[in-house]
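So the structure is just underneath, and the comments pick up after that.
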Amino acid sequence: MPERSHSKSLILRGIPASPGIGIGKAFVFKEEALSYVFRALGRDEVRKEIQRFRTAVMKTRTEIIQSRDKVLKVLGKSHAALIDVHLLILEDALFSKDIEKKITQELMNAEAALVAVLDNIGRTFSKLGDEYFRQRKDDIMDVGKHVMRHLLGHTGVMLSQLSERAIIIAHDLSPSDTLSLKEEFTEGFATDIGGRTSHAAILAQGLEIPAVVGLKDITSQISTGDLLIVDGNEGVVIVNPSMTTLENYRKEREVQLAQSRELEKIKDLPAQTKDGHKVILASNLETPEEVKAALGHGAEGIGLYRTEFLYLNRTHAPTEEEHYENYRSVARQMLPYSVIIRTMDIGGDKLAPMGIDGFGDEPNPFLGLRGIRLCLRYPDLFKTQLRAILRASVEGKLKIMYPMITSLEELREANRILAEVKRELASKNVPVAKNIEVGVMVETPSAAMIADLLAAETDFLSLGTNDLIQYTVAVDRVNENVASLYNPLHLAVLRLIERVITAGHNAGKWVGMCGEMAGDPSVTKILLGMGLDEYSVAASAIPKIKMILRETSYEEAKKLAEEVLRSKDQEALMKRLSNPKGA
Ligand code: PEP
Ligand code: MG
């Protein structure tokens with residue numbers, strides 16, 4: 001139950017998804033109900049009705065172009081391409097001609113003609129049953145909705161058109177919704193559903209937007225215009241705060257900003273313990289736009305480049321050239337550091353139109369055709385990405401990492417395809433860097449249990465704890481109902497992590513971690529003591545983790561890790577680790 005701190009204000013508790021404090025007016029993002037009435041026209045009204053329809057189309061066009069320009073400015077070309085699709089639909093003769101024909105010949109008012117044509121298109125596309133066409137249909141319906149709003153004189157705001165700073169309140173934000181949030185206008189966001197490691201939460205961290213998820217029914221408790229505080233550190237949203245609360249939070253925000261500025265001072269110092277043990281502190285990347293923040297916070301490389309953004313918010317899989325341009329640019333910008341490109345991990349909570357029949361209709365997408373499974377099932381898709389990575393490899397220091405590996409066979413099959421692509425490029429005299437490191441994400445319990453075998457056949461291992469935790473403790477990472485069971489400190493998880501690090505080291509390979517756990521300050525020392533070689537974290541988390549590492553001695557950390565691993569009482573361990581002095 002929400003708590004009322006006084007008559008008007010309300011405190012809602014959820015799951016902290018992205019740190020920081022946001023203060024501002026709420027914008028409740030809800031699908032609008034666009035109801036219209038059917039009206040039979042007199043012959044003499046046709047011309048005026050067509051004019052009315054054309055005006056609505058014109059207004060929609062202006063609106064789409066405006067949002068395209070904003071997206072282009074903030075998020076770059078690849079995201080603006082989504083909006084181009086909407087313009088093309090609007091300008092498609094079939095769309096407008098059919099509607100005007102209905103107005104003229106069947107004497108329908110514009111709203112009814114629009115709905116009739118949309119229904120028709122919807123039925124035709126549904127019959128095709130292909131994911132590509134389903135996405136296409138959604139785009140057409142979206143454009144139709146814009147036109148309908150103008151016909152009805154509604155001026156509701158769409159997420160991508162937000163033009164003043166606000167806190168976005170939504171039932172859910174998909175990774176593609178989150179990508180369309182513009183940093184400059186987003187003070188924070190809060191959603192009904194979701195978990196700490198849902199991809200929307202991870203994107204929010206990348207964009208440094210404070211966020212709270214899993215609030216259950218915030219959309220029904222808040223109205224657009226309510227004054228809100230989003231506390232992404234504690235996972236709390238305060239609605240219509242008292243003057244005192246507001247003042248306290250403003251001060252706290254200032255303190256946190258001052259602390260971050262203080263932490264930035266160690267940006268160029270090594271990630272090294274008091275007794276000289278050095279580790280690599282790298283950054284995760286969700287979009288190429290984040291490279292600047294990674295370098296700005298002192299990242300010594302990219303430990304995980306999630307390439308899925310290339311596939312989201314569009315109607316078809318990206319071309320080899322798009323992949324290539326992207327990787328080349330990131331590789332160059334990150335020199336002299338290396339960039340680990342994770343081959344696409346579409347599936348789970350990240351669905352994209354891949355032109356594959358039935359894809360996306362799975363009852364358990366996290367246990368379905370995801371990551372390397374999808375790549376091995378559709379090798380052409382995989383080869384396109386691998387070719388682009390290999391071509392870009394001469395422009396910087398690129399490494400390749402496969403997601404969702406569960407067996408040695410998958411690793412070998414992926415490597416076989418990689419070797420094939422290398423041979424094809426060599427036969428065409430396309431230059432490729434020598435000795436590109438290839439690693440495996442250890443994010444399934446099966447991979448963790450055979451980490452020794454995987455390590456023997458790869459150059460490195462990287463612990464993907466977001467998934468490793470969900471699969472080990474059987475807790476869906478995006479389900480707020482079981483979020484309290486999603487425990488990185490579960491002894492099963494800690495034991496698996498230690499096992500993987502030891503297996504990697506025994507095979508002479510380095511072991512990193514690129515799940516959110518790597519950026520959690522409460523476990524930094526334990527991971528250090530277990531021997532983790534590389535931490536790859538959200539750019540904004542780098543200074544804090546570096547500070548902890550620099551204040552710790554490796555010898556102390558090893559003792560702590562040993563004690564933790566010997567622990568026989570989960571509850572006592574949790575208590576001890578929640579008290580920072582204890583760790
Ligand atoms: C992970 O699972 O920990 C990981 C880093 O991959 P993702 O969050 O993209 O699934
Ligand atoms: Mg993962």
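FYI, the numbering just counts along the sequence from 1. Order of appearance sets the numbers: ligands from 1, and atoms from 1 within every ligand.
Residues Phe382 and Ile372 have side chains in contact (heavy-atom distance under 4.5 Å, counting atoms from C-beta outward).
With hydrogens and angles left out, the side-chain atoms of Tyr402 and Glu413 include no donor and acceptor closer than 3.5 Å. A donor and an acceptor atom, one from each side chain of Asn233 and Gln256, are located under 3.5 Å apart. Using modelled atom types, one finds no donor on one side chain facing an acceptor on the other under 3.5 Å when comparing Glu321 with Thr319.
Look at Arg196 and Asp520 and you find no salt bridge, because none of the NZ, NE, NH1 or NH2 atoms lies under 4.0 Å from a carboxylate O. Between Arg391 and Glu320 a salt bridge is recorded (basic side-chain N to carboxylate O distance below 4.0 Å).
Closest to the Mg ion (ligand 2) among the N, O or S atoms of Asp467 is OD2. The nearest N/O/S atom of Glu443 to the Mg ion (ligand 2) is OE1.
Considering backbone and side-chain N/O of Gly464, one or more are found under 3.5 Å from N/O of ligand 1.
Within the listing of ligand 1, atoms 5 (C) sit less than 4.0 angstrom from a heavy atom of Leu304. In summary, the atoms of ligand 1 found under 4.0 Å from a heavy atom of Glu443, numbered by their order in the structure, are 1 (C), 2 (O), 4 (C), 6 (O). The atoms of ligand 1 that sit less than 4.0 Å from any heavy atom of Asp345 are 10 (O). Of all atoms in ligand 1, listed by their number and element, those nearer than 4.0 Å to a heavy atom of Arg306 are 4 (C), 5 (C), 6 (O), 7 (P), 8 (O), 9 (O). With ligand atoms numbered from 1 in the order given, ligand 1 contributes 10 (O) to contacts under 4.0 Å with heavy atoms of Arg370. Those atoms of ligand 1 with a heavy atom of Cys514 less than 4.0 angstrom away are 5 (C). For ligand 1 and Arg477, the ligand atoms under 4.0 Å from any heavy atom of the residue are 2 (O), 7 (P), 8 (O), 10 (O).
Between Tyr305 and Phe309, the ring-plane angle classifies as parallel under the 30° and 60° cut-offs.
The nearest heavy-atom contact from the protein to atom 4 (C) of ligand 1 is Met441 CE, 3.5 Å. Protein heavy atom closest to atom 6 (O) of ligand 1, with residue, atom name and distance, is Arg342 NH1, 3.2 Å. The protein atom (non-hydrogen) at minimum distance from atom 7 (P) of ligand 1 is His199 NE2, 3.4 Å.
At a cut-off of 2.8 Å, Asp345 is not counted among the residues with an N, O or S atom near the Mg ion (ligand 2).
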Determine, step by step, whether Lys216 and Glu480 satisfy the salt bridge (Lys or Arg N to Asp or Glu O under 4.0 Å) criterion, reporting the C-alpha distance in whole Å, the side-chain angles of both residues, the deciding distance to 0.1 Å, and the verdict. CA-CA 8 Å; Lys216 298 201 165 67; Glu480 68 284 1; over 6 Å; no
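Counting only distance, with no hydrogens or angles, the side chain of Glu300 and the backbone of Leu281 share a donor-acceptor pair below 3.5 Å.
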